Protein chains: 2
Amino acid sequence: MSSPPSSTPPRGTSARRATIIDVAARAGVSRQTVTRAVNDMPGISAATRERVLRAAQELNYRPSRFGRGLVEQGPTTLGVVIKDLSNSFFAELGAALVRSSAPHGWNVVLAEIDHAPEPERVAVELSRRVDAIVGYGVDIDDIRGAIGMPVVHLDGSARQAESAGVVQFGAAAAMDDLARHLEVSGVRRPMVLDLAMAGAAGPSIRAQGLVAALDRIRGAAAAPVVAVDARDGHRDVLEAVLADGADALIAFNDELAVRLLHGLRSLGVDVPGRVRVVGVDGLAISGLVTPELTTLAIDIAEIAEQTVALVAGMLEGAVPLHGEQALRTVPYRLLVRDSA
Amino acid sequence: MSSPPSSTPPRGTSARRATIIDVAARAGVSRQTVTRAVNDMPGISAATRERVLRAAQELNYRPSRFGRGLVEQGPTTLGVVIKDLSNSFFAELGAALVRSSAPHGWNVVLAEIDHAPEPERVAVELSRRVDAIVGYGVDIDDIRGAIGMPVVHLDGSARQAESAGVVQFGAAAAMDDLARHLEVSGVRRPMVLDLAMAGAAGPSIRAQGLVAALDRIRGAAAAPVVAVDARDGHRDVLEAVLADGADALIAFNDELAVRLLHGLRSLGVDVPGRVRVVGVDGLAISGLVTPELTTLAIDIAEIAEQTVALVAGMLEGAVPLHGEQALRTVPYRLLVRDSA
DNA sequence: CTGAAAGCGCTAACAC
DNA sequence: GTGTTAGCGCTTTCAG
């Protein structure tokens, strides 16, 4: 691959995508006739259609969706920016957003931050291709070019509502419920198992919230936070916290909790007898493991509904792009099952 | 703006989306100046920018992504049509496709068939908005309008390769391995638990393949196929098949298998002692339940890679849109763990 | 710093 | 049956 000195477009396979004009020229017809052939419209002879289609094929012609959208008024497109799609919670949320968008006739473009070549550019790029942006880690300042574009932060803070829409995940009440539940269950040394985020300095917001809530358990010292790797075996960590006297493990999310449960089982540790385990999210799997997982559950479908409704309102101009009216809250609820 | 006598657009909230021209008029500047303000470009005075932005805001102006894409040559957009995103396998596949597309700089539009208002129109509609289509249940004949558009069937048949690209999931070999494994384990009465699909007449293709493979177990009669509901408790079904003497349950997929495991546990039935359980897919959860699930696993990331590579080849014109060269196969592999 | 002109690729409406 | 005309909304020249 010889790189030309200046800006000569690559010659080889993809010189320049063929347009309707190229096809028209090659088939010796007008552009309109090409349109008719390609879109299977009436008012064209079979012979001509054949000829046009052949020309199109030879040129590897594909209609530009932009030209088409311009004249046809394409559907609203929602850009969804997800941190990490291999995280079940995010994956389910993405799916729910797709589903909630369908009744509106919207298209949904899904983009992932964590595994992107240029993570910080994902949202910016996407914002130029869609009508609204929803997601995590979207830096509103980066999108200032997108004047008037609805932006909704998922799991955002009230502060973020000063500059964009926010769907808040209300965890405080449920965390308090959890602390109370653990307290009456006799827990005295709860520990928070946080997910080790790349590049994160301290504990996650969620872990901090958990610690704060747990702090209200009488007779218990401040709950320690232990960062664990998302995909690891956790065996060492488990042995360590057990040796440290932990009698309740609050995991960052259900996925981690289920892994913990699995690890404890292979260690022969009784749950909830010897140690209790709690997850966060309320994913389907949490109800399918043994013992069934006690968890702080949030209704993902509800989040998606609220989000889409909020965006729809913004698009119509019925809801301001930021401020109080652009703030929604979906609560977590304590789901007591067998593991704690 | 004097509205012409005849086609007055609706006045209310959503009259007609404001264009750059409306903004220019309102701000008393040229379109180009609006572009400069909106895109945060240099060569414009702060005062003018302010004025333009205000006008834009007042008109609820958002740039059209089509007009923009037309002149800017937007990225390739891949349309992914998934049957049911609440099925973990499909959700993971969708996520994997997003991830595999990122290095190419492609955008991915995800659409779901099963919960769409008009299921049969999903793929057709989408095909007019994207550069290539990948997915399940895409009727190639419906998309004939999309001349030259790459279409790839996921989990397709060799026959479908006559008209489109296909990524085949090769199950035969793994199913044979499974049958052999069950045979030497002493299984004599395996049963297939199929997912009851709405509107499906008989057993799924997968169930049929399983039955065919199981048929080779010496001393066993043809394996019965029992259709079960995706979300149900399965208790009745479980009791029935157990009463019927089943000593191995092959589930349509891991999700069902995990539910089965859960049901069996609450029934106090020993797995694999009393009955063995096998899943299909190889999802993450299959390794996190007790006993760990024996399953026919397929590499989802590999499927996504192959699919994206195939589409890329088609887009470049390097790979034909159908035929042998447009056929790829990703195999299932028998993953023997504890449940069978 | 601002504006005018050209053109991106396509289709609807109206000729012929 | 086919071609011509006129945009769709935006950004990129190039002139002022």
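To find a chain, count down the sequence lines: A is the first, B the second, and so on, and within it residues start at 1. Predicted model only: the values in this text are computed from it and were never measured.
For the helix from C:dC1-D:dG16 to C:dC16-D:dG1, the terminal axes (five pairs an end, C1' atoms, rotation from four pairs onto the next four) enclose an angle of 40°, given to 10 degrees.
In summary, B:D155 and B:K83 do not engage in a salt bridge, as defined by a charged side-chain N under 4.0 Å from a carboxylate O.
Within the structure, the side chain to side chain donor-acceptor pair (under 3.5 Å) test picks out the following pairs touching residues 46-56 of chain A (sequence neighbours left out): A:S45-A:T48.
Atom-to-atom, CD of A:E50 to P of D:dT2 comes out at 13 Å; the value is rounded to the nearest Å.
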Requested in this report: Determine, step by step, whether B:D131 and A:R17 satisfy the side chain to side chain contact (heavy atoms under 4.5 Å, CB included) criterion, reporting the C-alpha distance in whole Å, the side-chain angles of both residues, the deciding distance to 0.1 Å, and the verdict.
Outcome: CA-CA 12 Å; B:D131 300 302; A:R17 201 167 127 176; 3.5 Å; yes
Query raised in the report: Are A:E112 and A:L110 close enough, and set up right, to give a side chain to side chain contact (heavy atoms under 4.5 Å, CB included), and what steps lead you there?
Result: CA-CA 7 Å; A:E112 186 182 29; A:L110 248 190; over 6 Å; no
Report task. Take nucleotides 5-14 of chain D nucleotide by nucleotide from the 5' end and write B, S or -, depending on whether a protein heavy atom sits under 4.0 Å from the base, only from the sugar-phosphate, or from neither. Result -> BB-BBBBB--
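For B:E72, the CD atom is densely surrounded, since the number of other residues' heavy atoms within 6.0 Å is greater than 12.
In this structure, the side-chain contact (heavy atoms from CB on, under 4.5 Å) partners of A:E125, at least two apart in sequence or on a different chain, are A:R121. With sequence neighbours left out, the side-chain contact (heavy atoms from CB on, under 4.5 Å) criterion links A:E120 to A:E118.
For B:T33 and C:dC1, the shortest distance from a side-chain N or O to OP1 or OP2 is not below 4.0 Å.
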Report, one line per pair, each donor and acceptor closer than 3.5 Å where one atom sits in a side chain of residues 302-314 of chain A; sequence neighbours left out.
unit_1: A:E302; atom_1: OE2; unit_2: A:Q306; atom_2: NE2; d: 2.9
unit_1: A:E305; atom_1: OE2; unit_2: A:S100; atom_2: OG; d: 3.3
unit_1: A:T307; atom_1: OG1; unit_2: A:I303; atom_2: O; d: 2.7

